[in-house]
J.: 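Pasting a structure here, questions to come.
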Amino acid sequence: MARTKYIFVLGGVASSLGKGIISSSLAKLLQSRGFSVTIQKLDPYINVDPGTLNPYEHGECYVTEDGAETDLDLGHYERFSNVPTSQANNVTTGRIYQTVIEKERRGDYLGHTVQVIPHITDEIKRRIKLLGKTGKYDFVITEIGGTVGDIESLPYIESVRQLRWEMGRDCSVIHLTLVPYLAAAGELKTKPTQHSVKTLLESGVQPDIIVCRTEKHLSENLKNKIAKFCNVEPSSVIESIDAKSIYEVPILMRKENLDTEVLRKTMMPLDSQPDLNKWEDFLYKLSHPTTEVNVALVGKYVELKDAYKSISESFVHAGAANECKVNVKMIHAEKITDDNAKNILKDFDGVLVAPGFGERGIEGKISAIRYVRENNIPFLGICLGMQCAVIEFARNKLGYKSAHSMEMNPDTKYPVIDLMEEQKKIKGMGGTMRLGAYPCKVKKNSIAFESYQTINVSERHRHRYEFNNEYLKEFEQAGMKATGVNPKENLVEIVELKDHPWFVGVQFHPEYQSTVAKPHPIFVNFVKAAIKHKKSD
Ligand code: GLN
């Protein structure tokens, strides 16, 4: 294999321009030409990982197969590329400093002053090259979080400057900026882009390609103007117009030749043709649904759509697989009670109770589950959502009125959800949950088996608490069955109800594994059940 090429994606002018989607789209295009690609995110904050962050701060925490708690952009990388990411694909300033400080304490730098340059920048460069050194990838795309000009990003930009110098044409820089439309003037404005490139130049980095987020098409004139002011070729000014769906962006980027520009800049062969047939099939299904369903997502971060990103994207994939538009409505768990659950939920074709931590909203989740259980509405409970289904069943079917999870009530008489044995000795909060992929054995004659069509599956986890097996017999006798179990530790992974058309609780997170190429079977089957429920109304 030829030498790995390194592509950097840096953002300017404003945050939230979609560097993750541009990086993922570029990866998709390069992949569709037969190249192997991985994407990495460098985050300039001081937390060692986002695992301890509240979703209000940074949206969902995404979990990789190898158990890394990461930025939600890694979810996009996997959903687009269908290639699993790992711990090495997300690095924060906290982790960089932690490594350097540990080395200093060990005495690795004895006699020397430890400084941002070269020690911190060397560690950043080492982490970037680590993925290339695996020999598995033609391209490593590195997205740098934050915006050019932020104090926190400086060591990263400096590392990019050094790598450009060291690697020459094996490396290329894409700068994503905003070209705003001023309605009063009736014009698109290039000045913010010019200033952003100037800021980048002050740090010694000349971008090779400029991708311009815009709500209106860029004229040739405007592209030429940006090219002239920012020292790039006109063909390297790429328009990224607002799209109806993030999944259209690879097609838009192909039209703008982002992939050929990258291949040209890195001296890679241009003779391949992108094969995006499967992607286009998916887009066709997405935009030509034959039916639609309404699903309620009961959670506590309803104001923030990024908090449940992987779940909403899983519904997009599963919807397309069923040729169905899934309208997901966020419902605030704190607003639901036994008395109003009917009013709030009766018109939904399916209800999903979200993962989460802590007391807030728990009783509302339990009331929602009681209503869907008693009224045969398709239900999917994920992690805490599954645990709430267990608590609800204990309280209202087994008659253990004070049943609870030890997380919310450590004094409960009926701890139907208990702290896992391995968790009891753990003190620290960072990276200490049961994380990443574990096997699960699926029982035949279950909705889970009907969905997976196989017995042995592997799913990703992020939790400390678990179904208390002391109660399993009682639950099974009363109609709640464990239909998926961890083969080694006997932990309950999936619960289902005997007398309900579609009631599934999963201790793991199926949403982390759903991709465009492989929609998750549990979500696909859940949407199918919602369609059936709608028809039976
Ligand atoms: N708080 C629960 C636990 O730690 C559920 C976690 C989750 O929903 N991700 O077990």
Side-chain angles (χ1 to χ4, degrees), residues 49-56 58-65 67-70 72 75 297-302 304 306-312 314 330 333 351-366 368-369 379-392 394 403-410 412 415-438 440 459-469 471 482 484 486 489 491-495 504-514 520 522:
D49 62 43
T52 52
L53 287 176
N54 185 317
Y56 285 125
H58 254 270
E60 166 191 280
C61 172
Y62 184 77
V63 177
T64 59
E65 226 165 55
E69 295 179 284
T70 72
L72 59 79
L297 197 171
V298 178
K300 60 178 182 179
Y301 303 108
V302 293
L304 193 83
D306 276 359
Y308 302 111
K309 193 84 201 159
S310 294
I311 292 177
S312 22
S314 300
M330 305 272 232
V351 172
L352 186 149
V353 174
F357 297 83
E359 175 80 53
R360 189 162 71 89
I362 284 290
E363 293 305 321
K365 288 183 175 177
I366 293 172
I369 295 169
F379 163 77
L380 177 58
I382 299 183
C383 208
L384 182 63
M386 172 268 199
Q387 297 177 353
C388 288
V390 170
I391 298 166
E392 191 279 322
H404 220 319
S405 161
M406 290 290 274
E407 180 181 2
M408 325 305 161
N409 179 7
T412 175
V416 288
I417 302 293
D418 198 2
L419 191 62
M420 276 180 283
E421 218 30 61
E422 67 199 42
Q423 286 287 327
K424 292 189 178 154
K425 45 186 183 303
I426 289 172
K427 296 246 156 36
M429 295 297 274
T432 54
M433 279 187 253
R434 182 171 186 249
L435 290 166
Y438 286 92
C440 167
E459 293 284 359
R460 299 184 199 172
H461 296 70
R462 184 175 187 243
H463 62 125
R464 295 186 201 279
Y465 295 83
E466 178 65 47
F467 185 96
N468 184 345
N469 271 329
Y471 291 90
N486 174 286
E489 291 152 299
L491 301 172
V492 172
E493 295 278 351
I494 310 175
V495 294
V504 177
V506 288
Q507 183 56 79
F508 49 80
H509 292 262
E511 72 275 22
Y512 294 147
Q513 289 205 113
S514 186
H520 196 286
I522 296 272

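We use all heavy atoms of the structure for the numbers below, so side chains are in, but hydrogens, waters and symmetry mates are not. First listed ligand is number 1; within each ligand, the first listed atom is number 1.
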J.: Could you tell me if His461 and Glu466 have a donor-acceptor pair between their side chains, going purely by distance under 3.5 Å?
T.: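 The answer is no; no qualifying pair exists.
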J.: Which residue and non-hydrogen atom of the protein lie closest to atom 1 (N) of ligand 1, and at what distance in Å?
T.: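 Minimum-distance protein heavy atom for atom 1 (N) of ligand 1 reads Glu407 OE1, 2.7 Å.
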J.: For atom 7 (C) of ligand 1, what is the closest protein heavy atom, and at what distance to 0.1 Å?
T.: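 Checking every protein heavy atom, the shortest distance to atom 7 (C) of ligand 1 gives Cys383 SG, 2.9 Å.
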J.: Which one of Ala354, Gly356, Pro355 has a non-hydrogen atom at the shortest distance from atom 6 (C) of ligand 1?
T.: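 Residue with the shortest heavy-atom distance to the ligand atom: Gly356.
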J.: On a heavy-atom basis, which atom in Glu60 and which in Ala307 lie closest, and how many Å separate them?
T.: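 So the two residues come closest at CB-O, 3.4 Å.
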J.: Taking distance alone, with N or O pairs closer than 3.5 Å, would you say His463 contacts ligand 1?
T.: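 Checking ligand 1 against His463, no N or O pair falls under 3.5 Å apart.
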J.: Can His520 and Glu459 be said to form a side-chain hydrogen bond (donor to acceptor under 3.5 Å, both in side chains), step by step?
T.: CA-CA 11 Å; His520 196 286; Glu459 293 284 359; 2.6 Å; yes
J.: Provide, to 0.1 Å, the distance between atom 9 (N) of ligand 1 and the closest protein heavy atom, together with that atom's residue and name.
T.: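 Answer, as residue, atom name and distance: Arg462 O, 2.9 Å.
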J.: Would you kindly specify which portion of His509 sits under 4.0 Å from ligand 1, judged on non-hydrogen atoms: side chain, backbone, both or neither?
T.: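 Looking at His509 and ligand 1, just side chain atoms fall under 4.0 Å.
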J.: Just distances here: any N/O of Leu384 and N/O of ligand 1 closer than 3.5 Å?
T.: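 Yes, since at least one N or O of Leu384 sits under 3.5 Å from an N or O of ligand 1.
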J.: Where is the nearest protein heavy atom to atom 4 (O) of ligand 1: which residue, which atom, and how far?
T.: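 The answer is Arg464 N, 3.0 Å.
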J.: Is there any N or O on Gln507 that sits under 3.5 Å from an N or O of ligand 1?
T.: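 No; every N/O pair is 3.5 Å or more apart.
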J.: Find out whether Gln507 and Asn486 are in side-chain contact, i.e. whether some heavy atom of one side chain is under 4.5 Å from a heavy atom of the other.
T.: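 Gln507 does not reach Asn486 side chain to side chain.
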J.: Could you grab the distance from atom CD of Glu392 to atom CD1 of Ile362, nearest 0.5 Å is fine?
T.: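 It is 13.0 Å, given to the nearest 0.5 Å.
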J.: Under a 4.0 Å N-O cut-off, is there an ion pair linking Glu69 with Arg462?
T.: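 So Glu69 pairs with Arg462 through a salt bridge.
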J.: Would you call Val63 and His509 a side-chain contact if the rule is heavy atoms closer than 4.5 Å?
T.: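 Counting from C-beta outward, Val63 and His509 never come under 4.5 Å.
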J.: Just so I know, are the side chains of Pro510 and Ile382 near enough to count as touching, which here means a heavy-atom distance under 4.5 Å?
T.: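 Yes, close enough: below the 4.5 Å cut-off.
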J.: Do me a favour and list the nearest non-hydrogen protein atom to atom 10 (O) of ligand 1 with residue, atom name and distance?
T.: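 Atom 10 (O) of ligand 1 sits closest to the protein heavy atom Tyr465 N, 2.8 Å.
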J.: Take every heavy atom of Glu466, measure it against each atom of ligand 1, and state whether any distance is under 4.0 Å.
T.: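 Under 4.0 Å: no for Glu466.
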J.: Under a 4.0 Å heavy-atom limit, does Met433 contact ligand 1 with its side chain, its backbone, both, or neither?
T.: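 For Met433, there is no contact with ligand 1 at all, from either part.
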